[in-house]
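Here the structure is a predicted model, which means the values were calculated and not measured. Computed from heavy atoms alone, side chains included, the values below leave out hydrogens, waters and symmetry copies.
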Amino acid sequence: MAVLDIYLARHGQTEANASAIMQGSRINPPLNERGEKQANALAEAMKDEKLDWILTSGLERAIQTGNRVAKYHSNAPFVSDARLNEISWGEADGQKFSDIKSELNSVLGKWKSGDADARIEGGESANDGRKRILLAFADILKVSRERDYHKIILCIHGRIMRVIMASLVDKDLSKMQRFSHTNGCYHHIRVDLGDDNTNLDPSKLVFEPISIDVRDHLENIKLSEHEPNLINGL
């Protein structure tokens with residue numbers, strides 16, 4: 001039995017996060033000081049896990065977070081993949097949440113009611129995110145099976161984490177909101193890859209949730225002013 005443990009970690013905080021600014025794939029800020037502390041705390045939490053592979057999105061905040069994790073796993077390949085990028089929020093990217101609240105709530109409400117094709121103007125839908133995530137995971141699972149990897153981590157983003165969990169665990173994008181998160185947290189899921197590389201369609205495999213929204217390692221890092229509200233939003 002080829003069992004793969006997958007850790008899905010959210011990047012550390014950026015100034016956009018701290019300022020309650022919409023931060024999708026169209027803006028690319030680095031970690032702020034607090035985000036670096038969160039990334040370091042995540043790295044400490046992962047240091048004894050014997051990771052075989054470290055993947056990140058193609059965005060700076062995720063790459064920086066992955067680099068912190070990598071310092072304890074020097075033999076693990078490090079790969080950045082733009083297919084793991086955050087959802088694009090289109091014209092809303094870079095705007096204050098308070099200025100786009102109505103538009104954002106409308107789209108989130110449609111996703112929750114089952115309309116996964118809804119989007120903010122110029123941005124991606126939940127289905128768009130799902131399609132690229134499934135393509136990425138098909139490759140990730142194939143490589144993991146071929147190389148006999150047992151533990152991998154993806155340092156990525158909040159909404160795309162929701163897309164992944166809803167797509168792989170629940171097989172239902174309308175369930176995205178149940179997967180809470182904060183900067184520097186992680187989910188842990190597990191999948192049996194079997195012995196046949198031809199049967200690695202992530203949409204058909206069973207992904208078991210082991211732990212959701214783990215943040216014990218962040219307990220000494222104070223929440224920012226906006227974070228309690230955003231945890232249940234994006």
Side-chain angles (χ1 to χ4, degrees), residues 4 6-18 21-32 35-36 38-43 45-46 51-71 73 76-90 92-94 119-120 122-144 149 151-169 173 176 179 181-189 202 207 213-214 230 233-234:
L4 179 66
I6 303 171
Y7 296 91
L8 305 173
R10 188 181 175 203
H11 63 82
Q13 189 186 74
T14 68
E15 281 307 306
N17 290 139
I21 289 173
M22 180 66 92
Q23 183 177 238
S25 63
R26 295 173 57 166
I27 63 172
N28 196 22
L31 301 180
N32 62 14
E36 290 177 355
Q38 292 167 330
N40 287 333
L42 173 67
M46 291 287 114
L51 298 173
D52 296 305
W53 197 8
I54 300 168
L55 300 103
T56 75
S57 79
L59 298 171
E60 184 65 20
R61 54 197 184 269
I63 294 171
Q64 287 180 304
T65 302
N67 278 328
R68 298 303 199 285
V69 175
K71 70 182 180 180
H73 305 276
F78 188 102
V79 174
S80 296
D81 187 335
R83 295 176 299 179
L84 302 176
N85 282 5
E86 179 61 297
I87 286 280
S88 168
W89 295 105
D93 267 337
R119 70 187 70 222
I120 290 177
E124 288 183 292
S125 69
N127 261 336
D128 290 334
R130 178 180 181 273
K131 288 173 184 176
R132 62 177 166 87
I133 281 300
L134 290 180
L135 289 173
F137 262 80
D139 291 341
I140 290 168
L141 298 182
K142 182 175 184 293
V143 170
S144 296
Y149 289 162
K151 289 187 179 183
I152 67 174
I153 188 169
L154 281 63
C155 295
I156 48 175
H157 309 267
R159 174 52 59 172
I160 211 66
M161 285 170 66
R162 290 188 192 268
V163 171
I164 291 171
M165 294 297 287
S167 298
L168 301 185
V169 175
L173 284 174
M176 282 189 288
F179 297 106
H181 57 75
T182 192
N183 290 111
C185 79
Y186 67 86
H187 305 322
H188 176 193
I189 59 178
F207 289 80
D213 192 12
V214 178
L230 298 185
L234 297 184

Between [X] (side chain) and [Y] (backbone), is there a donor-acceptor pair under 3.5 Å?
X     : Y      : value
Asn17 : Thr14  : yes
Gln64 : Pro30  : no
Asp52 : Lys151 : yes
Thr56 : Ala62  : no
Asp93 : Gly24  : yes

Is it the case that Asn28 and Glu60 place a side-chain donor and acceptor less than 3.5 Å from each other?
no
Any idea which heavy atoms bring [X] and [Y] closest together, and the distance?
X      : Y      : answer
Leu31  : Ala39  : CD1-CB, 4.0 Å
Gln23  : Pro29  : OE1-CG, 2.9 Å
Met176 : Arg162 : O-NH1, 3.3 Å
His157 : Asn85  : CD2-C, 3.9 Å
Arg130 : Ser167 : CG-OG, 3.4 Å
Ala9   : Leu42  : CB-CD2, 3.6 Å

Let's go through Tyr186 and Ile153 carefully: what are the C-alpha distance in whole Å and the side-chain angles of both, what is the deciding distance for side chain to side chain contact (heavy atoms under 4.5 Å, CB included) to 0.1 Å, and is it a yes or a no?
CA-CA 9 Å; Tyr186 67 86; Ile153 188 169; 5.9 Å; no
Roughly how far, to the nearest 0.5 Å, is the [atom2] atom of [Y] from the [atom1] atom of [X]?
X      : Y      : atom1 : atom2 : answer
Ile164 : His187 : CD1   : NE2   : 9.0 Å
Leu8   : Ile189 : CG    : CD1   : 4.5 Å
Asp81  : Ser57  : CG    : OG    : 9.0 Å
Thr65  : Asn183 : OG1   : CG    : 8.5 Å
Arg61  : Cys155 : CZ    : SG    : 13.0 Å
Leu84  : Ile140 : CG    : CD1   : 5.0 Å

Minimum side-chain heavy-atom gap Arg26-Trp89 below 4.5 Å
no
Do the non-hydrogen side-chain atoms of Arg119 and Ile87 ever get within less than 4.5 Å of each other?
no
Which of Met161, His11, Glu86 passes side-chain contact (heavy atoms from CB on, under 4.5 Å) with Ile156? Answer is Met161
Residue list, side-chain hydrogen bond (donor to acceptor under 3.5 Å, both in side chains) with Asn67, at least two apart or on another chain:
none
Applying ring-ring contact (aromatic ring centres under 6.0 Å, His included), name anything that partners His73, two or more places apart in sequence or on another chain.
none
Partner set under ring-ring contact (aromatic ring centres under 6.0 Å, His included) for Tyr149, not counting sequence neighbours:
Trp53
Does this structure show an ion pair linking Arg132 with Glu124, if we count only N-O contacts that are shorter than 4.0 Å?
yes
